[in-house]
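Only one structure is covered here, and it is reproduced in the block below.
The model shown is predicted, which means the values in this text are computed figures rather than measured ones.
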Amino acid sequence: MESADKLMFVQGIFPLIAIIVSVAVAGWVVTTWLRIKNGYPLDGAWGQAIYPKNNDEAVERIRLLSQENAQLRAELGSVKDRLANVERIVTDSAVSLDREIEQLRGKSN
């Protein structure tokens, strides 16, 4: 009689265990698919990167992005200099600005 109770217990709990395992595996598959789709690296059992591996295409992309970053930094420096000049012109008194303009006109004649 006791073995019949154990059998009923196992038969009752087995579907619950199967559902939990199925949901866990499906979640792992979906998570892995999303990571691959969005370009995130996949990790192995010990944390080493499995995908994407460093290849020539990735190195070239990094080089191009670094080059673009340097160009944008140079352009930003130029914009900062121009803004400083505009701020100086706006904040200078009108008398000193008129004097500088007249000096420039005098040099061009």
- Any idea which heavy atoms bring Ala18 and Ser22 closest together, and the distance? O-OG, 2.8 Å
- Find the distance between NZ (Lys80) and CD (Glu87) and round it off to the nearest 0.5 Å. 11.5 Å
- Query: Any chain of hydrophobic side-chain contacts (each under 4.5 Å) joining Ile17 to Val25?
  - Reply: yes
- Query: Step by step, would you call Glu68 with Leu65 a side chain to side chain contact (heavy atoms under 4.5 Å, CB included)?
  - Reply: CA-CA 5 Å; Glu68 181 183 11; Leu65 288 172; 4.0 Å; yes
- Message: Please determine whether salt bridge (Lys or Arg N to Asp or Glu O under 4.0 Å) holds for the pair Arg63 and Glu60, giving the CA-CA distance in whole Å, both sets of side-chain angles, and the decisive distance to 0.1 Å.
- Response: CA-CA 5 Å; Arg63 188 185 67 76; Glu60 181 67 18; 2.6 Å; yes
- Item | Distance (rounded to the nearest 0.5 Å) between Thr31 OG1 and Ile36 CD1 | 11.0 Å
- Item | CZ (Arg82) with more than 12 external heavy atoms under 6.0 Å | no
- Query: Say you draw a straight line from CG of Asp98 to CD of Glu102; how long is it, rounded to the nearest 0.5 Å?
  - Reply: 7.0 Å
- Rounded to the nearest 0.5 angstrom, the CG-CD distance for Leu76 and Gln71 is 13.5 Å
- Query: If you group Ile, Leu, Val, Met, Phe, Trp and Tyr by side-chain heavy-atom gaps below 4.5 Å, do Leu72 and Leu64 land in one group?
  - Reply: no
